[in-house]
*Asks:* 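This is the structure I want to talk about, given as structure tokens.
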Amino acid sequence: MKTEQILSALEARHPGELEFLQAVKEVLISIEDVYNQHPEFEKASIIERLVEPDRVFTFKVPWVDDKGKVQVNIGYRVQFNNAIGPYKGGIRFHASVNLSGLKFLGFEQTFKNALTTLPMGGGKGGSDFSPKGKSDAEIMRFSQSFMLELWRHLGPDTDVPAGDIGVGAREVGYMYGMYKKLARENTGTFTGKGLDFGGSLIRPEATGFGGLYFVHQMLKNKGIDIKGKTVAISGFGNVAWGAALKAVELGAKVVTISGPDGYVYDPNGVSGEKIDYMLELRNSGEDIVAPYAEKYGVEFFPGKRPWQQKVDIALPCAIQNELNLEDAKNLVNNKVTVVAEISNMGCTAEAVDFFIENEVMFGPGKAVNAGGVATSGLEMTQNAMHISWTSEEVDAKLHQIMNNIHDACVTYGKQANGYVNYVKGANVAGFMKVAKAMMAQGVI
Ligand code: 2IT
């Protein structure tokens, strides 16, 4: 495979889109060997077709703030690849949202969704709208305006969005409400909906729960017990919340959470009502974690990241590139056992390389955090069948899916010396499924 050539052609078409190029590069390097074993892929230009999004929508989102002033944001939807099912992926509302970020997320989503084994293609959307400090009415007006434009590109078998950073059950409710009004149908074209109107039990917990099921398998594979292990979590949103709940349930001790303002170190463990308090902090709309330190009398490290602490397990749960080479060196010096991205591309490429060079168990986001979208797939199934499953049923299916993803990573990523390169494993397993589906469907 002409990796460098493909990357420079992509860069010429998507100049300066560093996150997108970073995500593509990682996959191309991992799949080079299997790609070369399939000359038919080369002839069909599978890679060249796979790295280019199917289409990208960009639109204006005007809305009226509480003072009566009109504000303007920009909205996007990247429909990346639908070889194995309808476009599926979250919507992110965050000041940092731009096309590079959404293309990287849509690209990752394509492989992640393939790993779940459910029939879902990859997509991602969002806006540079920042929910920070906005009133409930402002969030509603913005969400409705966003949907006024996007609704026509969605549908239960076309494109099914969900939440992501800055988009939770409230925003999904407002968007889905407007979607239904415009599309005049009630087929559940959104996941992460409220339980009263088609949402699935366990969907709120799913990304974090799935992440911990995966980490549990990684440790088990090495005969290590998760009980009593210390865990550093970054972030304090939906993903961090689910991860903390399950980590505690499995007997581990969560010692950090973080926000854009810094991190808190809680040597007694973030558990019980302290986990509930994370939700309160998130719902305050302030986007800070410092009040946790004050409330529970623990230390707050302003402007710092939790990776400077000595822990057994490090779980980035916030945003892309939130753990860099320096953080990786620090964790390795402190003898970290497992690093697993529950956020998307939580680690920089240099940090990932460092973990792999040092043979630290490292789980990439597209495998580790696939439980969220997998449970979205289960929500779609329940909607299509007009039924709802119990928590136990959904959780059991989620658990099985995560174990299967883990095993697929081992199958494709195990090296001769026994070290499992989960990055390679996840990329090869995801790629093979999408590539075979594309081959079977001709040049479209
Ligand atoms: O990054 C992700 O996988 C998500 N934000 C969830 C996507 C989904 O469709 O549930």
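Just so you know, ligand 1 is whichever comes first in the structure, and atom 1 is the first atom listed for that ligand. Note that the structure is predicted; figures quoted are calculated from it, not measured. What you see below is based on every heavy atom in this structure, not just the backbone, and it leaves out hydrogens, waters and symmetry mates. Residues: numbered from 1 along the sequence shown.
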*Asks:* To the nearest 0.5 Å, what is the distance between CZ (Phe142) and CD (Gln71)?
*Replies:*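 The CZ atom of Phe142 sits 11.0 Å away from the CD atom of Gln71.
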*Asks:* Should one rank Lys124, Met380, Lys112 by closest heavy-atom distance to atom 3 (O) of ligand 1, which comes out on top?
*Replies:*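 Closest candidate by heavy-atom distance is Lys112.
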*Asks:* Is any N or O atom of Asn369, backbone or side chain, closer than 3.5 Å to an N or O atom of ligand 1?
*Replies:*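 N/O-N/O distance under 3.5 Å: no.
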*Asks:* Give the numbers and elements of all ligand 1 atoms closer than 4.0 Å to a heavy atom of Ser376.
*Replies:*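 So the atoms of ligand 1 that pass are 8 (C), 9 (O), 10 (O).
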*Asks:* Measure centre to centre between the rings of Trp63 and Phe146, then say whether the value is under 6.0 Å.
*Replies:*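 So the answer is no for these two rings.
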*Asks:* Using a 4.0 Å cutoff against the non-hydrogen atoms of Asp164, which atoms of ligand 1 qualify?
*Replies:*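 In order of number, 1 (O), 4 (C), 5 (N).
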*Asks:* Can you list the atoms of ligand 1 that are under 4.0 Å from a heavy atom of Asn344?
*Replies:*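 With Asn344 as reference, the close atoms of ligand 1 come out as 1 (O).
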*Asks:* In terms of side-chain geometry, is the basic nitrogen of Lys134 or Asp65 positioned less than 4.0 Å from the acidic oxygen of its partner?
*Replies:*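 No.
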*Asks:* What do you reckon, does Arg203 put a non-hydrogen atom under 4.0 Å from ligand 1?
*Replies:*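 The answer is yes, since Arg203 has a heavy atom less than 4.0 Å from ligand 1.
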*Asks:* So, taking the atom named CG in Asn324 and the one named OG1 in Thr348, what distance separates them when rounded to the nearest 0.5 Å?
*Replies:*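 Those atoms lie 5.5 Å apart.
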*Asks:* For Gln109, counting its heavy atoms only, list the atoms of ligand 1 lying under 4.0 Å from any of them.
*Replies:*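 Taking each heavy atom of Gln109 in turn, ligand 1 has 1 (O), 2 (C), 3 (O), 7 (C) under 4.0 Å.
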*Asks:* Donor-acceptor pair, distance only, cut-off 3.5 Å: does the side chain of Gln441 make one with the backbone of Ala437?
*Replies:*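 Answer holds: yes.
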*Asks:* Among all residues two or more places apart in sequence or in another chain, which pass the side-chain hydrogen bond (donor to acceptor under 3.5 Å, both in side chains) test with Glu149?
*Replies:*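 Glu149: no side-chain hydrogen bond (donor to acceptor under 3.5 Å, both in side chains) contacts found.
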*Asks:* Looking only at protein heavy atoms, which one is nearest to atom 7 (C) of ligand 1, and how far off is it?
*Replies:*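 Heavy-atom neighbour on the protein nearest atom 7 (C) of ligand 1: Gly90 N, 3.6 Å.
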*Asks:* At a 4.0 Å threshold, what atoms of ligand 1 neighbour a non-hydrogen atom of Ala162?
*Replies:*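 Every atom of ligand 1 under 4.0 Å from some heavy atom of Ala162: 8 (C), 9 (O), 10 (O).
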*Asks:* On a heavy-atom basis, which atom in Asn113 and which in Gly121 lie closest, and how many Å separate them?
*Replies:*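 Looks like ND2-O, 2.7 Å.
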*Asks:* Below 4.0 Å from ligand 1: does a non-hydrogen atom of Ala370 turn up there or not?
*Replies:*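 For ligand 1, residue contact (heavy atoms, under 4.0 Å) with Ala370 is absent.
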*Asks:* Sequence neighbours excluded, which residues qualify as side-chain hydrogen bond (donor to acceptor under 3.5 Å, both in side chains) partners of Glu286?
*Replies:*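 Partners of Glu286 under the side-chain hydrogen bond (donor to acceptor under 3.5 Å, both in side chains) test: none.
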*Asks:* Where is the nearest protein heavy atom to atom 9 (O) of ligand 1: which residue, which atom, and how far?
*Replies:*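 Going by distance alone, atom 9 (O) of ligand 1 is nearest to Lys88 NZ, 2.6 Å.
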*Asks:* Looking only at distance, does Pro161 have an N or O less than 3.5 Å from an N or O of ligand 1?
*Replies:*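 There is no such contact.
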